[in-house]
Amino acid sequence: MTRSWSAYQGIYVHIPFCVHKCAYCDFASYQIYNDHIMADYTRRLVEEIRQWQPDLPIRTDATVYFGGGTPSVLPMGLLARIVDALKERGFWNCPAEATLEANPGTVDLEWLRACHQLGFDRLSLGIQSFQPAELAAMGRIHTADEAKEAIALARQAGFTRISGDLIYGYPGQTVDSVRDSLQQLLQTGVDHVSVYGLTVEEGTLVHAQLEKGQATLPSEEAAGAMYGLLMDELPKAGYARYEISNFARPGQESRHNQIYWHYDPYMAFGAAACRFNGKRRETNARSLVAYLKGEVPEREELTPEIRREELVFMSLRTSKGLSLTEFQERTGEDFFHIYKEGWEHCQKRGWIRQKGDRIALTSLGMQYGNLAFEEFL
Ligand code: SF4
């Protein structure tokens with residue numbers, strides 16, 4: 001059966017508040033907030049959700065993902081209002097998955113139970129490290145013990161699907177400290193792990209610290225060894241790599257994130273939220289003030305060439321890679337005809353392989369990610 005690419009496959013809701021801005025964070029998140037601002041934000045979010053016609057093409061099992069920021073700072077009453085608005089407008093029917101991002105420093109059993117009762121069935125916890133000095137340097141608001149406790153409380157509340165994030169390549173980290181953090185995370189029994197190499201973004205605290213010589217990045221060799229360690233140890237522990245940065249036990253892959261990598265349409269609400277209908281991208285105002293004022297989203301009409309490129313590099317992020325038949329169906333083009341040179345360059349370097357109808361990056365190709373993607377631009 002040909003898959004429909006016009007229906008929205010997932011719904012994203014952005015909650016842009018955090019208790020404290022982490023030193024490395026460049027996301028649309030604000031440390032300055034209070035009950036009043038959160039209530040205003042929820043009002044505007046509900047208004048935005050209700051602006052959409054109820055007859056939009058949405059899959060009945062469209063996934064739901066509340067990300068941030070820190071959705072777990074939102075009082076339950078406000079969270080429930082957003083969920084109600086999504087249900088009322090047909091965005092939340094029988095989701096194949098409903099994920100909530102949370103910070104281990106902001107959850108308690110009562111809140112987690114209420115979330116589970118609302119219908120969330122997956123929790124994604126930003127943990128980043130289990131080393132006290134690293135957590136302090138990153139500006140995280142939780143301790144290593146609180147991260148473990150959050151996982152235990154989530155289980156008690158009924159969550160069976162829990163993901164944990166780790167960062168590597170952070171100033172002060174060593175191969176041994178990353179190994180220890182990974183072991184501690186695996187001991188909690190989470191079924192999904194995301195690992196992110198630090199990207200130093202201008203405007204972040206860690207960027208300023210590095211500029212002033214107050215912090216030093218691990219050497220390239222050490223960062224490479226951290227990467228190698230994670231790539232070796234996670235599969236050994238039963239977590240298959242299904243995307244450049246994501247590992248899961250069988251059947252525990254994030255269904256929502258796969259929508260992005262499969263280049264399927266998704267709806268999104270909230271400040272800085274970005275939606276895609278298969279042909280056009282719309283991004284809401286990033287600034288909280290502008291979003292609250294109802295500033296018109298930025299629209300980007302995507303040409304067939306841009307869509308083709310994005311389809312290729314989003315698909316190549318995944319271990320499954322790109323189906324050549326789907327590429328033909330979605331673009332009307334033959335992959336090898338369009339990307340002959342890029343394909344040959346990547347193949348010569350051992351970055352890409354073909355297996356039947358699919359082409360995918362090798363683990364070496366994934367290591368060189370961006371360089372490999374550039375071959376298809
Ligand atoms: S908790 Fe997450 S979104 Fe908030 S500041 Fe830290 S990294 Fe950024």
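As the structure lists them, so they are numbered: ligands from 1, and atoms in each ligand from 1. Only a predicted model underlies this, so the values are computations on that prediction, with no experimental measurement involved.
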Distance filter under 2.8 Å, centred on atom 8 (Fe) of ligand 1 - protein N, O or S atoms that pass it: C25 SG
- request: Any atoms of ligand 1 less than 4.0 Å from a non-hydrogen atom of R140? List them with their elements.
  value: 1 (S), 6 (Fe), 7 (S)
Hey, can you pull the donor-acceptor pairs under 3.5 Å for the side chains in residues 15-29, sequence neighbours left out?
| from | atom 1 | to | atom 2 | distance (Å) |
| --- | --- | --- | --- | --- |
| H20 | ND1 | G139 | O | 2.9 |
| K21 | NZ | F27 | O | 2.9 |
| K21 | NZ | S29 | O | 3.3 |
| K21 | NZ | S29 | OG | 2.7 |
| Y24 | OH | R140 | NH1 | 3.1 |

Identify every side-chain donor-acceptor pair in residues 204-224 under 3.5 Å, counting partners at least two apart or on other chains, and give the distances.
| from | atom 1 | to | atom 2 | distance (Å) |
| --- | --- | --- | --- | --- |
| T204 | OG1 | E201 | O | 2.6 |
| T204 | OG1 | H207 | N | 3.4 |
| S219 | OG | A222 | N | 3.0 |

message: Quick check on the 6.0 Å ring-centre criterion: do Y266 and Y8 meet it?
response: no
Candidate list Y12, F91, W92, test ring pair (Phe, Tyr, Trp, His ring centres under 6.0 Å), partner F269, passing option: F91
task: Decide if the gap between the ring center of F247 and the ring center of H192 is smaller than 6.0 angstrom.
output: no
Could you give the side-chain donor-acceptor pairs of residues 95-110 under 3.5 Å, partners two or more places apart or in another chain?
| from | atom 1 | to | atom 2 | distance (Å) |
| --- | --- | --- | --- | --- |
| E97 | OE1 | R161 | NH1 | 2.9 |
| E97 | OE1 | R161 | NH2 | 3.2 |
| E97 | OE1 | R255 | N | 2.9 |
| E97 | OE2 | R255 | N | 3.1 |
| E97 | OE2 | H256 | N | 2.9 |
| T99 | OG1 | R122 | NH1 | 3.4 |
| E101 | OE1 | G68 | N | 3.0 |
| E101 | OE2 | Y65 | OH | 2.8 |
| N103 | OD1 | G105 | N | 2.8 |
| T106 | OG1 | S72 | OG | 2.5 |
| T106 | OG1 | N103 | O | 2.9 |
| D108 | OD1 | E110 | N | 3.3 |
| D108 | OD1 | W111 | N | 2.8 |

field: Heavy-atom donor-acceptor pair, E146 side chain to T143 backbone, under 3.5 Å
entry: yes
task: Run the numbers for me: atoms of ligand 1, each under 4.0 Å from some heavy atom of H20, listed by number.
output: 5 (S)
